[in-house]
Amino acid sequence: MATYKLFLLPGDGIGPEVMTEVEKVAAFLGEAGVASFEIEKGLVGGCAYDAHGQAISEEHMAMAQAADAVIFGAVGGPKWDSVPYDVRPEAGLLRLRKDLALFANLRPAICYPALADASSLKREIIENLDIMIVRELTGGVYFGEPKQIIDLGNGQKRGIDTQVYDTYEIERIGRVAFELARKRRNKVTSSEKRNVMKSGVLWHEVMSALHKREYPDVEMEHQLADSLGMQLVRWPKQFDVIVTDNLFGDMLSDIAAMLTGSLGMLPSASLGEANPKTGQRKALYEPVHGSAPDIAGQGIANPIAMIGSFAMCLRYSFGLGDAADKIEQAIADVLASGLRTADIKGDAASTVSTTQMGEAVLAQLRKAMA
Ligand code: NAD
């Protein structure tokens, strides 16, 4: 049985509450002989600032670098609203993304049939939806230089951001999307704005060449980002894997997320470059939601996004796709049985706590693996 080093960063607010449920699943997988996990824990965000005045310490950064995967809860909260900008809670997450060079953000949008009525779209549009948005995470307009506000001296100011992509950045995110598609329904939709942006022209050109050269077996199409936004709410099931840049990915993945209902349901993965020798990638897995200060400490947070993020870790970092499938099926079964946390209550008569939901998923998983 293989052993993997997990570095857990529960963070603030509901982060530690939902992380506890992941620890139970990891312990069970050890008992069941699927894989064993060496677990270490660290501080990130507000709690790290309280402990050592930084959003993540050098020691914990080194532990993140040494781990096979980082599992991240959530950071932030009103308590730290006025701390200096460079040590604010979010700086811990940004440092992790930057230092681990996590350039590919994977956000699945899955709609469980049991929750189809919670969406703002009609049931037939989103029931059984399963798409994957692959967003470039370390380049583009959020990082391009110059990035500044200039005083023009005539009572006017000018704000400048720079959208910039090099060939290698487009190729490496493209490869992640094509590889994923091969394991799914074999289709990639690449999205940009080549009608008005030079970076879009290059994106289109590089993706087309990559497709032709390395992935001719995968079906590929291009869609302008504005049109893709429209198609996402019109008929999302036409997509399998969508690959796009940092800015469009930010918006399109949030739209896709809301197709499926609550923030408490959405997992994500951020991956770095594959090590040429081992094929291993640096990786961080986290729920899409934040620290939810409004419900922190009440034991009512939905742990499904966090558990789903751990399932992604098993699939993408450790090749344990079968165990990941079983966890996701256990989640679907628990939802189908009618169990609900408060955020996905819908018409349910009652709701369960974080622990009860986590343990129900675990019990279902035990049954499936018995
Ligand atoms: P949020 O995601 O924390 O909460 C938005 C709403 O969704 C809240 O009503 C919350 O109760 C609910 N919610 C979120 N996750 C839930 C869950 N698992 N179960 C049940 N309900 C859930 O976003 P916000 O309120 O905008 O931000 C709160 C804090 O979190 C801020 O400090 C923000 O900066 C931070 N934040 C952190 C991350 C991160 O760590 N990656 C992401 C987003 C926001």
Side-chain angles (χ1 to χ4, degrees), residues 103-113 124-137 167-192 194 200 203-225 227-245 248-249 252-253 255-257 259-260 266-274 279-281 283 285 308-309 311-329 332:
F103 68 88
N105 183 233
L106 275 51
R107 275 218 212 169
I110 293 170
C111 182
Y112 296 97
E124 65 266 26
I125 306 283
I126 43 106
E127 190 171 16
N128 291 318
L129 177 75
D130 177 5
I131 61 180
M132 175 72 81
I133 307 229
V134 179
R135 165 188 170 195
E136 201 291 325
L137 201 59
T167 306
Y168 80 94
E169 293 175 289
I170 304 172
E171 283 182 342
R172 69 180 180 179
I173 192 78
R175 285 195 185 97
V176 170
F178 284 117
E179 300 287 343
L180 275 170
R182 277 185 176 159
K183 295 185 189 141
R184 294 169 49 94
R185 298 189 300 283
N186 214 34
K187 179 177 170 187
V188 169
T189 304
S190 169
S191 188
E192 29 56 29
R194 65 185 176 283
W203 184 282
H204 180 269
E205 188 182 299
V206 172
M207 281 292 176
S208 301
L210 179 68
H211 174 237
K212 200 168 159 199
R213 195 173 64 237
E214 295 178 30
Y215 301 94
D217 54 304
V218 180
E219 185 190 343
M220 189 194 191
E221 64 176 15
H222 300 272
Q223 280 201 17
L224 296 175
S227 154
L228 179 62
M230 188 184 71
Q231 291 297 333
L232 261 180
V233 290
R234 191 184 75 84
W235 187 239
K237 286 188 222 171
Q238 67 185 282
F239 300 112
D240 177 18
V241 175
I242 294 170
V243 61
T244 189
D245 74 9
F248 297 135
L252 293 170
S253 61
I255 295 174
L259 298 176
T260 68
L266 299 165
S268 81
S270 298
L271 308 178
E273 201 86 67
Q280 268 297 105
R281 290 177 189 274
Y285 298 87
S309 302
M312 290 185 83
C313 169
L314 298 176
R315 180 177 291 120
Y316 297 119
S317 281
F318 308 145
L320 297 171
D322 189 44
D325 289 346
K326 289 202 168 92
I327 291 174
E328 286 162 1
Q329 189 55 49

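Note that the structure is a prediction, hence the values are computed from the model and not measured.
- The salt bridge (charged side-chain N to carboxylate O under 4.0 Å, His left out) search around K237 returns none, not counting sequence neighbours.
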Under the side-chain contact (heavy atoms from CB on, under 4.5 Å) rule, what do F103 and V176 come out as? Steps first, then yes or no, please.
-> CA-CA 10 Å; F103 68 88; V176 170; 4.0 Å; yes

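- Put simply, CD1 on I110 and CD on E328 are 5.5 Å apart, with the number rounded to the nearest 0.5 Å.
- If you take CG on L252 and CD1 on I131, they are separated by 9.5 Å, rounding to the nearest 0.5 Å.
- Taking the side chain as every heavy atom from C-beta outward, R315 and D325 approach each other to under 4.5 Å.
- Between the side chains of Q223 and S191, no donor-acceptor pair of N or O atoms lies under 3.5 Å.
- In terms of modelled atom types and a separation under 3.5 Å, the side chain of D245 and the main chain of E192 share no donor-acceptor contact.
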I would like to know whether F239 and E221 meet side-chain contact (heavy atoms from CB on, under 4.5 Å); could you show each step before the answer?
-> CA-CA 10 Å; F239 300 112; E221 64 176 15; 3.9 Å; yes

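- Across I126 and C111, no two heavy atoms sit closer than the pair O-CB, 3.1 Å.
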For side-chain contact (heavy atoms from CB on, under 4.5 Å), just list the numbers for L232 and I242, CA-CA rounded to whole Å, side-chain angles, deciding distance to a tenth of an Å, and then say yes or no.
-> CA-CA 10 Å; L232 261 180; I242 294 170; 4.1 Å; yes

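- Under the side chain to side chain donor-acceptor pair (under 3.5 Å) rule, Y285 has a single partner from S309, S317, S268, which is S317.
- Here the shortest heavy-atom pairing between G279 and A274 reads O-CB, 3.8 Å.
- At least one side-chain heavy atom of D130 sits under 4.5 Å from a side-chain heavy atom of R184.
- For the pair Y215 and M207, the minimum side-chain heavy-atom distance is 4.5 Å or more.
- Residues H222 and R194 are in side-chain contact: their nearest non-hydrogen atoms beyond the backbone lie under 4.5 Å apart.
- Checking each of R182, R185, K183 against D240 for a salt bridge (Lys or Arg N to Asp or Glu O under 4.0 Å) leaves exactly one that passes, namely R185.
- Listed here is the closest heavy atom pair of L259 and P236: CD1-CB, 3.9 Å.
- A181 and V218 make their closest contact through CB-CG1, 4.0 Å (heavy atoms, listed as atom of the first residue, atom of the second, distance).
- Here the side chains of S190 and H211 are not in contact, with every heavy-atom distance at 4.5 Å or above.
- Inter-residue side-chain proximity for V243 and F178 is flagged as unmet; no heavy-atom pair is nearer than 4.5 Å.
- The shortest non-hydrogen separation linking W235 to E124 is CZ3-O, 3.9 Å.
- Rounding to the nearest 0.5 Å places CD of E214 at 4.0 Å from CZ of R175.
- Nearest heavy-atom pair, P267 versus P108, reported as atom, atom and distance to 0.1 Å: O-CD, 3.5 Å.
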